[in-house]
There are 2 protein chains.
Amino acid sequence: MPTPERTSLADIVGAARDIVEKEGLANLTMQAVAVRVGVRAPSLYKRVRNREDLVRLVTEATVRDLGKQLDAVAVNGDARRDLGELCRTFRAFAHAYPACYRLIFAAGSEASRLDVGSLTAAAASVLRVGMELAGPGEALEAARMITAWAHGFVSMELAEAFNLGGDVERAFEYGIARLADSLATA
Amino acid sequence: MPTPERTSLADIVGAARDIVEKEGLANLTMQAVAVRVGVRAPSLYKRVRNREDLVRLVTEATVRDLGKQLDAVAVNGDARRDLGELCRTFRAFAHAYPACYRLIFAAGSEASRLDVGSLTAAAASVLRVGMELAGPGEALEAARMITAWAHGFVSMELAEAFNLGGDVERAFEYGIARLADSLATA
DNA sequence: ACCTGAACACCGTTCAAGT
DNA sequence: ACCTGAACACCGTTCAAGT
């Protein structure tokens with residue numbers, strides 16, 4: 001006789017994201033997730049292969065959300081201004097969900113590798129601005145430069161690695177301005 | 001009656017670095033370290049507070065090594081050329097020790113925060129090039145832009161996040177060239 | 001078909017007892 | 001002074017038994 005479902009994959013991933021953000025990745029235990037969704041830990045294995053798989057699902061949900069935020073950035077027609085908006089939105093997302101953001105480029109083992117599609121979708125807006133600024137011949141290189149810089153910057157911020165003083169806001173705006181200059185000039 | 005020391009902190013950290021690089025962070029267990037240095041796991045706690053502390057020590061040793069490599073980059077007097085050498089050395093280090101490199105900007109909790117001194121020392125060479133390129137008024141912003149881009153780039157590479165094809169080597173050299181242009185022009 | 005208790009292997013850590 | 005076995009709490013995961 002079938003038993004009614006008492007939870008769902010969406011519930012489980014949602015609970016996991018919450019735990020990662022509020023209590024840290026180390027406290028994301030199967031037991032903690034189970035309590036939140038109202039089942040016992042072994043039941044989670046009906047919907048999730050293992051803990052590593054759950055972390056991957058959390059990461060992919062985060063990438064999709066980031067992609068949506070970047071997609072929603074208004075296109076001004078002014079490539080320079082679009083670049084600034086895009087970078088600030090990217091940074092704001094990382095500040096809003098630092099623990100989940102950190103997972104995105106932390107992939108180590110094969111099993112934790114992200115789905116290619118979700119990364120590609122998230123990169124679409126950046127690719128468009130790269131095209132606007134640098135033209136079709138160097139759009140990909142330009143997009144990679146923008147993403148690398150933006151990710152590196154917020155990654156260092158989140159690690160509290162900017163410890164030489166100075167104004168971090170100013171350093172971020174400085175970076176946007178230099179990027180716009182150099183990509184458009186090239 | 002005193003017992004002779006059968007290991008040392010340096011031994012322990014060395015073994016831990018080896019394990020992280022060859023078997024991954026997840027396989028860095030106190031037991032695995034103990035076997036390598038020839039004691040039982042509980043003995044490690046005489047020299048290391050806990051596992052998290054050991055990971056921090058591994059990270060700091062890695063930062064010091066990276067700093068040494070960057071310091072050893074020859075100064076050509078040509079800031080543009082120095083920038084290229086510095087970035088390529090940085091990237092080569094990350095490729096040589098990917099698992100340990102990843103730890104550097106992964107710091108989450110307070111206890112895993114790196115010693116400020118070791119980060120500052122590693123940044124000295126970059127700061128010098130930032131000064132050469134952008135002048136004293138914007139040396140710090142320039143150094144932050146260089147570090148953010150270089151870290152972001154290799155971080156994405158290590159995560160295999162460049163999945164739109166294209167030539168990654170070319171994208172790296174493109175980035176160096178754009179950085180040199182924009183920082184020197186500003 | 002889903003859920004559970006019981007069980008297992010494994011891990012970090014503590015501590016009293018050895019030398 | 002350092003090292004160890006024994007012990008504890010905790011975690012991921014499996015599985016037979018329930019409904």
What's the [atom1]-[atom2] distance between [X] and [N], to the nearest Å?
{"X": "B:Glu5", "N": "C:dT19", "atom1": "CD", "atom2": "C1'", "value": "15 Å"}
{"X": "A:Met30", "N": "D:dG12", "atom1": "CE", "atom2": "C1'", "value": "7 Å"}
{"X": "A:Arg6", "N": "C:dT4", "atom1": "CZ", "atom2": "C1'", "value": "9 Å"}
{"X": "A:Asp11", "N": "C:dC2", "atom1": "CG", "atom2": "P", "value": "15 Å"}
{"X": "A:Leu28", "N": "D:dC10", "atom1": "CG", "atom2": "C1'", "value": "15 Å"}
{"X": "A:Gln31", "N": "C:dC11", "atom1": "CD", "atom2": "P", "value": "20 Å"}

Looking only at the side chain of [X] (C-beta and beyond, no hydrogens), which of the listed nucleotides [options] gets closest?
{"X": "B:Thr3", "options": "C:dG18, D:dG12, C:dC3", "answer": "C:dG18"}
{"X": "B:Ala41", "options": "C:dT13, D:dG12, C:dC3", "answer": "C:dT13"}
{"X": "B:Arg40", "options": "D:dG12, D:dT4, C:dG18", "answer": "D:dT4"}

(request) Scan residues 44-62 of chain A against DNA chain D and write down, sorted by residue number, each residue with any heavy atom closer than 4.0 Å; if none is found, say none. (result)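 Output list: A:Tyr45, A:Asn50, A:Arg51.
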(request) Could you tell me which residues satisfy side chain to side chain contact (heavy atoms under 4.5 Å, CB included) with B:Arg36, sequence neighbours excluded, listed by chain and number? (result)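 So B:Arg36 forms a side chain to side chain contact (heavy atoms under 4.5 Å, CB included) with B:Ala15, B:Asp18, B:Ile19, B:Glu23.
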(request) Could you please name the partner base of C:dA7, counting Watson-Crick and G-U wobble pairs only when both distances are under 3.5 Å? (result)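 For C:dA7, the partner nucleotide comes out as D:dT13, under the 3.5 Å rule.
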(request) Would you mind pulling out the nucleotide paired to C:dG18, Watson-Crick or G-U wobble, both distances under 3.5 Å? (result)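 Partner of C:dG18: D:dC2.
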Residues [X], [Y]: salt bridge by 4.0 Å N-O rule:
{"X": "B:Asp181", "Y": "A:Arg178", "answer": "no"}
{"X": "B:Arg91", "Y": "B:Glu169", "answer": "yes"}
{"X": "B:Arg47", "Y": "B:Asp11", "answer": "no"}

(request) Could you pick out which residue, B:Pro42 or B:Pro4, lies toward the 5' side of DNA chain D when each is mapped onto its nearest nucleotide? (result)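 It is B:Pro4 whose nearest nucleotide is closer to the 5' end.
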(message) Checking the side chain of B:Glu21 only, and the main-chain atoms of B:Cys100 only, is there a donor and an acceptor separated by less than 3.5 Å?
(response)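 Here the side-chain-to-backbone pair exists.
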(request) May I ask you to say what B:Ser43 touches in the nucleic acid, namely base, sugar-phosphate or nothing, with a heavy-atom cut-off under 4.0 Å? (result)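 Contact class for B:Ser43: base.
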(message) Does the plane of the ring in B:Phe172 sit parallel, tilted or perpendicular to the ring in B:Trp149? Use 30° and 60° as the thresholds.
(response)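 Parallel, since the angle between the ring planes stays under 30°.
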(request) Specify whether B:Phe105 and B:Tyr101 have parallel, tilted or perpendicular ring planes, treating 30° as the upper limit for parallel and 60° as the lower limit for perpendicular. (result)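 Rings of B:Phe105 and B:Tyr101: perpendicular, over 60°.
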